[in-house]
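Here's the structure we're looking at; comments come further down.
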2 protein chains.
Amino acid sequence: MPRWDPEAKERLRAAALELFTEHGYENATVTQITARAGLTRRTFSRYFADKRDVLFAGSEQLPDAMADAVRHADPALPPFQALLAALVAAGDLFAGLVSQAAQRRAVIASSPELQERERTKLAAVTEAVVEALRERGATESSAKMLAQVGTAVFQTAFERWSDQPADTDFATQVQEAAAELAAHLTP
Amino acid sequence: MPRWDPEAKERLRAAALELFTEHGYENATVTQITARAGLTRRTFSRYFADKRDVLFAGSEQLPDAMADAVRHADPALPPFQALLAALVAAGDLFAGLVSQAAQRRAVIASSPELQERERTKLAAVTEAVVEALRERGATESSAKMLAQVGTAVFQTAFERWSDQPADTDFATQVQEAAAELAAHLTP
């Protein structure tokens, strides 16, 4: 039996994104994806449950990863600064995905079902971060607001980074998005 | 044929929330709701499509209402201040719902299907607000971040208000939530 092969996984992901873009997410099939990647259906099944999973594989680990990053941020940091530090730390998890992020975003925007799945994913992350912020002393109500705002900052920073990954790094994008938001909030 | 009767609508809503709370959202039936309200199924159908609609009736008007409120805010206000003004203006739309808000929130938290519907509703509001903020000069990327943050501020302010409606007004809660957020954002 073949070994775990990150290259096969990446080829399948790239082929899927191409086909979703060319034919539409609804129309593209797993058979087409494996054919384009030059791999078998059996190999596909080793990495992904179905074609939707190509877009969301690994996301079930995100809530715990983000919450842990908040927990492990410098104890001296107040809650929202801890969350920003955690976002920067978590950015490493996405570094490998940045080159395909714009394409993935366009595919998700094309389908109400995928949009819903993306919202569910982000809500699970937000909920896990609420718990971690509470452990750092934020009230339930503040923790909810800060976690939602942190998710908005993360999405903004990641989109901007994936539009021009060569020009800057993710940490800078997070700090700039947070600073921009702070300026908007000050009348 | 009976006239449009806001009291009947309110009695149905109150009966539904009671039954959802007592028996669980999944178990409560429209027959039970109408029986508790002392009204007919025909009357129920005049106001609501189904039991889920009791929790979301009117929400299809929210995106346009919020976007219009942003468009009509004082032209001198910068984007996020215009959004805060719009949130305050839109608060009037919810004043009649505040007494049932905590109960509604608990029902929604009990069901993944309802949580998803609530997220879809908020996403539609956020998207409409993005357009209105762009018309006020914000870039696409900033408008998205500000609209998401505005939704978080709105939810926070509305929850706090509905926990203690007698102590303060909604406008104050919006201003306080925004000020609290600004303080968290400033290192």
Side-chain angles (χ1 to χ4, degrees), chain A residues 76-85 105 109 112-113 115-124 126-127 130 133 138-164 173-187, chain B residues 76-85 105 109 112-113 115-124 126-127 130 133 138-164 173-187:
Chain A
L77 290 174
F80 195 75
Q81 301 308 315
L83 177 48
L84 291 181
R105 208 152 58 228
E113 179 210 332
Q115 288 171 28
E116 186 226 303
R117 180 71 189 74
E118 181 80 352
R119 283 194 295 267
T120 303
K121 179 187 94 174
L122 292 170
T126 304
E127 202 173 315
V130 168
L133 289 174
T139 64
E140 170 84 18
S141 178
S142 291
K144 275 162 86 169
M145 178 166 67
L146 295 179
Q148 286 175 299
V149 171
T151 301
V153 168
F154 179 83
Q155 286 182 278
T156 305
F158 188 70
E159 280 198 24
R160 290 175 182 177
W161 186 41
S162 62
D163 284 343
Q164 344 192 270
Q173 293 287 5
V174 168
Q175 295 301 341
E176 286 185 1
E180 182 191 322
L181 182 57
H184 279 289
L185 276 158
T186 311
Chain B
L77 290 174
F80 195 74
Q81 302 306 316
L83 178 48
L84 291 181
R105 208 152 58 228
E113 179 211 332
Q115 288 171 26
E116 184 225 306
R117 180 71 188 77
E118 181 80 352
R119 283 194 294 268
T120 304
K121 179 186 95 174
L122 292 170
T126 304
E127 201 173 316
V130 168
L133 289 173
T139 64
E140 171 85 18
S141 178
S142 292
K144 276 163 87 169
M145 177 165 67
L146 295 178
Q148 287 176 298
V149 171
T151 300
V153 168
F154 179 83
Q155 286 183 277
T156 305
F158 188 69
E159 280 198 24
R160 291 176 181 177
W161 187 41
S162 62
D163 283 342
Q164 339 190 275
Q173 294 286 6
V174 169
Q175 295 301 340
E176 287 184 2
E180 182 191 323
L181 181 58
H184 278 290
L185 276 158
T186 311

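A note on names: the letters A, B, ... follow the listed sequences, proteins ahead of strands, and every chain is numbered from 1. Side-chain atoms are counted along with the backbone in the values below, which use heavy atoms only and exclude waters and symmetry mates.
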(message) Show the nearest heavy-atom pair for residues B/Gly150 and B/Leu83, with the distance to one decimal.
(response) CA-CD2, 3.8 Å
(message) I need the minimum non-hydrogen distance between B/Thr156 and A/Ser141, along with the two atoms involved.
(response) CG2-OG, 3.8 Å
(request) Taking side-chain contact (heavy atoms from CB on, under 4.5 Å) as the test, write out the residues that go with B/Gln148, two or more places apart. (result) A/Ala152, A/Gln155, B/Thr126
(request) Mind checking side-chain hydrogen bond (donor to acceptor under 3.5 Å, both in side chains) for B/Thr186 and listing every partner two or more places apart, or none if nothing turns up? (result) none
(request) Check whether A/Leu84 gets within reach of chain B through its side chain, its backbone, both or neither, counting any heavy atom under 4.5 Å. (result) neither
(message) Taking salt bridge (Lys or Arg N to Asp or Glu O under 4.0 Å) as the definition, give me every residue that meets it alongside A/Glu127, ordered by chain and number, with sequence neighbours left out.
(response) none
(request) Report, by ascending residue number, the residues of residues 174-184 of chain B in heavy-atom contact with chain A at a distance under 4.5 Å; give 'none' if the set is empty. (result) B/Ala177, B/Ala178, B/Glu180, B/Leu181, B/Ala182, B/His184
(message) Between A/Arg119 and A/Glu116, does any NZ, NE, NH1 or NH2 come within less than 4.0 Å of an OD or OE carboxylate oxygen?
(response) no
(message) Side chains of B/Arg117 and B/Glu113, heavy atoms from C-beta outward: is any pair under 4.5 Å?
(response) no
(message) With a 4.5 angstrom heavy-atom cut-off, is it the side chain or the backbone of B/Ser142 that approaches chain A, or both, or neither?
(response) both
